[in-house]
Amino acid sequence: MTQSSTPAHSPVLVWVTGAAGAPADGSESFRLAKADEPQLLVTDLVATRGDGVFETIGVFDGTPVNLDPHLRRLARSAELVELPALDLTVLAQAVQEAIDAHAPVPELTVRVMVTRGVEGSGTPTAWIHARTADDWSRCREGIAVVTLDRGLSTTVPRTSPWLLPGAKTLSYAVNMAATREAVRRGADDVLFVSTDGYCLEGPTSTLLVQHGDTWTTTPADAGVLPGTSIASVFEVLRAEGATVREELMTPDQVASADAAWLLSSSRLAAPIARLDDTRLTVDAQRTAQLISVLKGQYPGSR
């Protein structure tokens, strides 16, 4: 594929035509496209119904972190919404094309998006969007978080799987509405709580809580997204001899923690400095370690 000559902070778009297998006409499985020109048809079901799935991959000094786990989770989300099976080899190559085409920057955000395509076509639409990451430095020093009712029980994966708990879909209106509500309440982010009283996850993040040498996150079977970030962190913590576990926690248990974080692939580790009206300790040294792990730069991390 030809390389792009885009300026340093210009986004890069790779259009994928073979996300669900090689194109029937023998053409290339993906191509560089102009990010500032129209590409998506208005009749695509992602535009009319938000019908699709996605992943966000952090790229640090040109190296994507947890690329394979992200793509496997994308395939899982696609299966949950009954999209065609994805060709992860093609998607991995397309992600690398987007990274190579973007001018070198310390932190890059790469989104992989797959939709059901134009209504009636039966062919998915897919593209990769790479752009310079936002400046998350303030959030990595500590954030104020509010708990908000998600309106779903932790039993939903078993009782109501059609609600797609644990699928990373492009229907993100509720998540963004929750984030705006947090801002209205003078906070930076949200920790969703189930109707049966347990902490779940953030709109774009995974919960990590420390009590002494025990580190806890919400179990995936409670309806949260299986975190790629938490898997990397747990691997390092196990190597240190710490106890790691998946267990339901109440807001009071999180508020009484030695420290707590919201983890994600781009923002990385954001320590919770305040949960509702409770102040939490911010461990700057441990936060720096977690950030290094999530960048794939800590010894023993992936």
Side-chain angles (χ1 to χ4, degrees), residues 56 134-156 163 165-166 172-227 229-230 233-234 237 242-291 293-294:
T56 302
D134 294 332
D135 181 3
W136 296 112
S137 55
R138 187 187 68 81
C139 292
R140 293 168 184 170
E141 296 175 355
I143 57 174
V145 176
V146 293
T147 56
L148 293 181
D149 180 11
R150 195 176 205 170
L152 298 173
S153 166
T154 56
T155 62
V156 160
L163 295 177
Y172 245 49
V174 170
N175 291 36
M176 296 301 96
T179 302
R180 292 192 294 273
E181 179 62 22
V183 173
R184 278 192 289 271
R185 298 189 185 197
D188 303 297
D189 208 344
V190 171
L191 178 58
F192 283 125
V193 177
S194 66
T195 55
D196 46 344
Y198 295 107
C199 296
L200 297 172
E201 60 189 346
T204 61
S205 57
T206 301
L207 176 65
L208 173 66
V209 177
Q210 179 192 10
H211 287 93
D213 289 333
T214 300
W215 299 74
T216 310
T217 193
T218 308
D221 63 10
V224 302
L225 190 69
S229 296
I230 197 71
V233 167
F234 272 9
L237 292 173
T243 299
V244 300
R245 65 186 185 183
E246 295 184 4
E247 187 171 289
L248 291 173
M249 296 170 282
T250 65
D252 284 345
Q253 287 175 304
V254 176
S256 65
D258 293 331
W261 294 262
L262 292 178
L263 308 180
S264 59
S265 297
S266 186
R267 190 174 63 181
L268 303 179
I272 300 176
R274 176 168 61 85
L275 182 65
D276 294 329
D277 295 325
T278 302
R279 295 280 179 181
L280 277 73
T281 299
V282 171
D283 187 334
Q285 184 175 355
R286 182 64 83 168
T287 299
Q289 179 201 24
L290 296 175
I291 288 172
V293 170
L294 297 178

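Every heavy atom of this structure was used, including side-chain atoms; hydrogens, water molecules and symmetry mates were not.
- Counting heavy atoms from C-beta outward, Leu152 and Thr195 have side chains that stay 4.5 Å or more apart.
- Taking OG of Ser229 as the start and CG of Leu268 as the end, the distance is 7.5 Å to the nearest 0.5 Å.
- Here CD of Gln210 is found 9.0 Å from CG of Leu290. Values are rounded to the nearest 0.5 Å.
- Using a 4.5 Å heavy-atom threshold, the side chains of Val145 and Leu262 count as touching.
- Every residue two or more places apart in sequence or in another chain that forms a side-chain hydrogen bond (donor to acceptor under 3.5 Å, both in side chains) with Gln289 is listed here: Glu240, Arg286, Tyr298.
- In this structure, CG in Leu148 is found 9.0 Å from CG in Leu191, a value given to the nearest 0.5 Å.
- Shown here for Ile143 and Ala270, the closest heavy-atom pair between the two residues is CD1-CB, 3.8 Å.
- For the pair Thr179 (side chain) and Asn175 (backbone), a donor-acceptor distance under 3.5 Å is present.
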Trace of the side-chain contact (heavy atoms from CB on, under 4.5 Å) decision for Met249 with Thr216: CA-CA 9 Å; Met249 296 170 282; Thr216 310; 3.7 Å; yes
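- By the side-chain hydrogen bond (donor to acceptor under 3.5 Å, both in side chains) test, Asp276 pairs with Thr147, sequence neighbours left out.
- For Arg279, there are no salt bridge (charged side-chain N to carboxylate O under 4.0 Å, His left out) partners two or more places apart in sequence or in a different chain.
- Interatomic distance, Leu208 CG to Glu201 CD, rounded to the nearest 0.5 Å: 14.0 Å.
- By the side-chain hydrogen bond (donor to acceptor under 3.5 Å, both in side chains) test, Thr204 pairs with no residue at all, sequence neighbours left out.
- Judged as a salt bridge (charged side-chain N to carboxylate O under 4.0 Å, His left out), and not counting sequence neighbours, the contacts of Arg140 are Glu107.
- Within the model, atoms OG1 of Thr243 and CZ of Arg245 stand 8.0 Å from one another, a figure rounded to the nearest 0.5 Å.
- Scanning all heavy atoms of the two residues, the minimum distance from Ala182 to Val190 falls at CB-CG2, 3.6 Å.
- The salt bridge (charged side-chain N to carboxylate O under 4.0 Å, His left out) test applied to Glu246 returns no partner, not counting sequence neighbours.
- The shortest heavy-atom contact between Ala187 and Ala144 is CB-O, 3.5 Å.
- Between the side chains of Ser264 and Ser266, no donor-acceptor pair is found at a separation under 3.5 Å.
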Please walk me through it: do Val193 and Asp149 pass side-chain contact (heavy atoms from CB on, under 4.5 Å)? CA-CA 5 Å; Val193 177; Asp149 180 11; 5.8 Å; no
Solution key, residues 217-227 side-chain donor-acceptor pairs under 3.5 Å, sequence neighbours excluded:
{"residue": "Thr217", "atom": "OG1", "partner": "Leu207", "partner atom": "O", "Å": "2.5"}
{"residue": "Thr218", "atom": "OG1", "partner": "Cys199", "partner atom": "O", "Å": "3.2"}
{"residue": "Thr218", "atom": "OG1", "partner": "Leu200", "partner atom": "O", "Å": "2.8"}

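- A donor atom on one side chain and an acceptor atom on the other are found under 3.5 Å apart for Asp196 and Thr154.
- With sequence neighbours excluded, the residues forming a salt bridge (charged side-chain N to carboxylate O under 4.0 Å, His left out) with Asp134 are Arg131, listed by chain and number.
- Between Tyr172 and Pro203, the shortest heavy-atom distance links the atoms OH-O, 3.3 Å.
- Closest of all the heavy-atom pairs between Val254 and Leu280 is O-CD2, 3.6 Å.
- Residue pairs meeting the ring-ring contact (aromatic ring centres under 6.0 Å, His included) criterion with at least one partner in residues 257-277, sequence neighbours excluded, are Trp215-Trp261.
- Other residues, nucleotides and ligands contribute only 12 or fewer heavy atoms inside 6.0 Å of the CG atom of Asp213.
- Listed by chain and residue number, nothing satisfies the side-chain hydrogen bond (donor to acceptor under 3.5 Å, both in side chains) test with Asp277 (two or more places apart in sequence, or in another chain).
- Pairs of residues two or more places apart, or lying in two chains, that qualify as side chain to side chain donor-acceptor pair (under 3.5 Å) and include a residue from residues 182-193 are Arg138-Asp188, Glu181-Arg184, Glu181-Arg185, Asp189-Arg267.
- When the side-chain contact (heavy atoms from CB on, under 4.5 Å) test is applied to Thr250, the partners found at least two apart in sequence or on another chain are Tyr198, Asp252, Gln253.
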